[in-house]
*Asks:* 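If you scroll down you'll find the structure; I have some questions about it.
All figures in this text were calculated on a predicted structure; none of them were measured in a lab.
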Amino acid sequence: MGGRRGAGARRGALPALPDPEARGFTTGKDPYEEDPDDARERIARLVDRLVKGTWQALGWPAWKGLVRAFPTGNVAFAQALAAAGEDLRASKVERALVCAVDSFISPETLTLLHQQQRLKTPGRPTGLMAGEAAVALLLTCEETAESSMAVVRVAQGRDAAPLDGEQPPDGQELARQVLAALGPLGQDASAPLMVSDHDGQYARAFEWGMLQVRLRETDARFEQGAVWMPAKSFGHTGVASGAVATALVFRGLARGYAPTSSVLVLSSAEAGERAVIHLTAPGRSNPRLRRP
């Protein structure tokens with residue numbers, strides 16, 4: 001599906017970002033300024049500041065396209081990607097800028113994580129390493145030479161067991177979404193590369209282990225599949241974790257070092273949401289990711 005270029009083209013911005021209250025900062029420039037009690041209002045203020053500030057810093061005209069925010073933890077990027085794909089297929093937009101930004105390294109956030117006993121320390125090996133990241137990807141249906149990855153499917157669900165509950169998730173819901181996103185494995189197909197947001201925390205490790213058992217019971221080929229865990233290098237990046245994983249896959253496919261052309265990006269949110277993105281070499285009917 002071709003699209004018009006230039007200022008008149010219909011554009012959409014879909015940022016994935018955290019609730020500022022959960023990271024210990026306000027949406028205004030003054031750190032002592034109080035934010036609204038309603039999370040949706042805080043997110044709306046943060047989006048307004050982020051979009052305006054970014055475009056001003058780049059010296060570009062004010063953004064005139066649609067803007068929709070996604071603050072749903074680790075699955076936020078997958079939700080934004082799915083929404084962008086729907087908008088493109090429905091011709092609501094011609095290009096969609098899907099962004100994600102998050103940080104866990106501010107003193108306020110680190111203090112909170114320490115109090116919750118979630119940080120990896122010499123005395124707590126089953127903790128997370130705090131990280132931060134920002135990613136921007138352009139989703140389009142245009143046929144271009146730059147296209148090197150296509151979004152095949154985004155599968156979403158919800159696990160009844162939150163990650164911070166008394167009993168960790170048993171992997172059943174995540175396995176269901178993996179199989180839904182992947183679709184049937186052909187007779188001669190190999191297992192996909194899986195890129196997980198497992199970050200060292202016990203509940204995520206338990207879910208990951210149970211997921212392996214369930215997938216191997218479904219198809220023995222899953223035992224041979226490769227695994228990437230970006231948190232080993234980037235740390236825990238929260239809302240941006242799915243975007244970091246997708247950007248790594250983009251580079252791996254473009255440069256030819258990804259072990260397979262079929263990739264699954266797995267995301268588990270603290271509250272129970274689960275999402276899996278299936279990415280592969282581009283086909284003619286799938287929205288494509290490009291560098292902005």
*Asks:* If you take all heavy atoms of I43 and P20, which pair is closest and at what distance?
*Replies:*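 Minimum heavy-atom contact is CD1-CD, 4.1 Å.
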
*Asks:* Please tell me whether Q156 and R274 have a donor and an acceptor in their side chains that are separated by less than 3.5 angstrom.
*Replies:*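 Per modelled atom types, Q156 and R274 side chains form no pair under 3.5 Å.
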
*Asks:* Hey, does F77 have a side-chain heavy atom less than 4.5 Å from the side chain of V239?
*Replies:*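 V239 vs F77: side chains apart.
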
*Asks:* How long is the span from the CZ atom in F250 to the CZ atom in R255, to the nearest 0.5 Å?
*Replies:*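 That separation rounds to 10.5 Å.
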
*Asks:* So do the side chains of Y202 and P168 get within less than 4.5 Å of each other, counting heavy atoms only?
*Replies:*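 A side-chain contact under 4.5 Å exists here.
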
*Asks:* Which heavy atom of A130 sits nearest to which heavy atom of L128, and what is that distance?
*Replies:*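 In terms of heavy atoms, the two residues are closest at N-CD1, 3.7 Å.
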
*Asks:* Measure the shortest side-chain to side-chain distance between L179 and L215 over non-hydrogen atoms and say whether it is less than 4.5 angstrom.
*Replies:*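 SC-SC contact between L179 and L215 confirmed.
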
*Asks:* Q79 and T72: side-chain donor and acceptor closer than 3.5 Å?
*Replies:*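 Side chains of Q79 and T72: pair found under 3.5 Å.
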
*Asks:* Assess the residue pair Q224 and S190 against the criterion (side-chain contact (heavy atoms from CB on, under 4.5 Å)); give the C-alpha distance rounded to whole Å, side-chain angles, the decisive distance to 0.1 Å, and a yes or no.
*Replies:* CA-CA 8 Å; Q224 307 300 322; S190 57; over 6 Å; no

*Asks:* Given 3.5 Å as the limit, does a donor-acceptor pair link the side chain of R42 with the main chain of P36, or not?
*Replies:*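 Yes: the side chain of R42 pairs with the backbone of P36.
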
*Asks:* Step by step, work out the side-chain contact (heavy atoms from CB on, under 4.5 Å) result for E273 and S267.
*Replies:* CA-CA 8 Å; E273 296 89 351; S267 298; over 6 Å; no

*Asks:* Does any non-hydrogen side-chain atom of P15 lie less than 4.5 Å from one of L46?
*Replies:*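 No. Closest side-chain heavy atoms not under 4.5 Å.
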
*Asks:* Using 4.0 Å as the upper bound for N to carboxylate O, is an ion pair formed by R176 and E173?
*Replies:*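 Yes, this pair counts.
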
*Asks:* Hydrophobic clustering (ILVMFWY, side-chain heavy atoms < 4.5 Å, transitive) - are L119 and I105 grouped together?
*Replies:*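 No, I105 and L119 fall in different hydrophobic clusters.
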
*Asks:* Measuring from atom CH2 of W55 to atom CH2 of W63, what distance do you get when rounded to the nearest 0.5 angstrom?
*Replies:*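 Those atoms lie 5.0 Å apart.
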
*Asks:* Is the shortest heavy-atom distance from the side chain of H114 to the side chain of L110 under 4.5 Å?
*Replies:*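 Of all side-chain heavy-atom pairs linking L110 with H114, none is under 4.5 Å.
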
*Asks:* Is it the case that one hydrophobic cluster holds both L264 and V152, taking links as side-chain heavy atoms less than 4.5 Å apart, direct or via other members?
*Replies:*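 No, separate clusters.
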
*Asks:* At what distance, to the nearest 0.5 angstrom, does CZ of R124 lie from CD of Q201?
*Replies:*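 Here the interatomic distance stands at 10.0 Å.
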
*Asks:* Does L50 offer a backbone N or O that forms a donor-acceptor pair with the side chain of T54 under 3.5 Å?
*Replies:*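 It does hold such a pair.
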
*Asks:* Is the number of heavy atoms from other residues, nucleotides or ligands under 6.0 Å of R221 CZ greater than 12?
*Replies:*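 Yes, because the 6.0 Å sphere around CZ of R221 holds more than 12 heavy atoms from other groups.
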
*Asks:* Looking at every heavy atom in both S268 and E207, which two are closest together, and how far apart are they?
*Replies:*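 Between these two residues, the closest heavy atoms are OG-OE1, 3.0 Å.
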
*Asks:* Search all heavy atoms of F70 against all heavy atoms of L14 and return the closest pair with its distance.
*Replies:*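 Scanning both residues completely, I find the closest heavy atoms to be CE1-CD2, 3.7 Å.
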
*Asks:* Do M229 and V244 sit in one hydrophobic cluster, given that two such residues count as connected whenever their side-chain heavy atoms are within less than 4.5 Å of each other, even indirectly?
*Replies:*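 The answer is no; the residues belong to distinct hydrophobic clusters.
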
*Asks:* Go through the side-chain N and O atoms of H236 and S241 and say whether any donor and acceptor fall under 3.5 Å apart.
*Replies:*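 On atom types as modelled, these side chains do not qualify, holding no pair under 3.5 Å.
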
*Asks:* Using 0.5 Å steps for rounding, measure from the CG atom of L17 to the CG atom of D102.
*Replies:*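 Reported to 0.5 Å precision, the distance equals 8.0 Å.
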
*Asks:* Applying side-chain contact (heavy atoms from CB on, under 4.5 Å) to V276 and V265, what does each step give before you reach the verdict?
*Replies:* CA-CA 5 Å; V276 178; V265 174; over 6 Å; no

*Asks:* Of all the heavy-atom pairs spanning V47 and A69, show the shortest one and how long it is.
*Replies:*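 That closest heavy-atom pairing would be CG2-CB, 3.4 Å.
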
*Asks:* Before giving the answer on side-chain contact (heavy atoms from CB on, under 4.5 Å), spell out for R204 and D197 the whole-Å C-alpha distance, their side-chain angles and the decisive distance to 0.1 Å.
*Replies:* CA-CA 8 Å; R204 290 186 182 275; D197 63 351; 3.2 Å; yes

*Asks:* Is the side chain of T280 donor-acceptor paired with the backbone N or O of S261 at a distance under 3.5 Å, no angle test?
*Replies:*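 Yes: the side chain of T280 pairs with the backbone of S261.
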
*Asks:* Go through the steps to decide whether R68 and D87 satisfy the test salt bridge (charged side-chain N to carboxylate O under 4.0 Å, His left out), and finish with yes or no.
*Replies:* CA-CA 11 Å; R68 278 194 289 167; D87 288 348; 2.5 Å; yes

*Asks:* As an exercise, state the distance from CG of L211 to CG of L266, rounded to the nearest 0.5 Å.
*Replies:*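 L211 CG to L266 CG: 6.0 Å, rounded to 0.5 Å.
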
*Asks:* Look at the rings of W208 and H198 and say which category their plane angle falls in: under 30° parallel, 30 to 60° tilted, over 60° perpendicular.
*Replies:*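 Rings of W208 and H198: parallel, as their planes differ by under 30°.
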
*Asks:* Is it the case that atom CG in D38 sees more than 12 heavy atoms from other parts of the structure closer than 6.0 Å?
*Replies:*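 Count over threshold, so yes.
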
*Asks:* How long is the span from the CD atom in E223 to the CD atom in Q212, to the nearest 0.5 Å?
*Replies:*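 The distance works out to 9.5 Å.
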
*Asks:* Before accepting this row, confirm whether a basic side-chain N of the pair R11/E94 lies closer than 4.0 Å to the acidic partner's carboxylate O.
*Replies:*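 Salt bridge between R11 and E94, a charged N being under 4.0 Å from a carboxylate O: no.
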
*Asks:* Quick check: do V135 and C99 have side-chain heavy atoms less than 4.5 Å from each other?
*Replies:*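 Of all side-chain heavy-atom pairs linking C99 with V135, none is under 4.5 Å.
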
*Asks:* In this structure, which one of L248, L193, I277 forms a side chain to side chain contact (heavy atoms under 4.5 Å, CB included) with V263?
*Replies:*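 With V263 as partner, L248, L193, I277 yield a single side chain to side chain contact (heavy atoms under 4.5 Å, CB included), made by L193.
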
*Asks:* Are R214 and D170 close enough for a salt bridge, meaning some N to O gap below 4.0 Å?
*Replies:*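 Answer for the salt bridge query: yes.
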
*Asks:* For M129, does its backbone N or O pair with a side-chain atom of K120 as donor and acceptor, under 3.5 Å?
*Replies:*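 No, K120 side chain to M129 backbone: no donor-acceptor pair under 3.5 Å.
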
*Asks:* If two hydrophobic side chains count as joined below 4.5 Å and joins carry through other members, does L174 share a cluster with L163?
*Replies:*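 No, it is not one cluster - the side chains of L174 and L163 are not joined through contacts under 4.5 Å.
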
*Asks:* Any salt bridge between R23 and E132, counting N to O under 4.0 Å?
*Replies:*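 Salt bridge between R23 and E132, a charged N being under 4.0 Å from a carboxylate O: no.
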
*Asks:* Let me check something: do L139 and L279 share a hydrophobic cluster, defined by ILVMFWY side-chain heavy atoms less than 4.5 Å apart, either directly or through other members?
*Replies:*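 Hydrophobic grouping puts L139 with L279.
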
*Asks:* Please report the closest heavy-atom contact between D159 and P169, naming both atoms and the distance.
*Replies:*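 So the minimum-distance heavy-atom pair works out to OD2-CB, 3.8 Å.
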
*Asks:* Identify whether the distance between the nearest side-chain nitrogen and carboxylate oxygen of D199 and K232 falls below 4.0 Å.
*Replies:*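 A salt bridge is absent here (no side-chain N lies under 4.0 Å from a carboxylate O).
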
*Asks:* Using a 4.5 Å cut-off on heavy atoms from C-beta on, say whether the side chain of F222 contacts that of L182.
*Replies:*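 Yes. Closest side-chain heavy atoms under 4.5 Å.
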
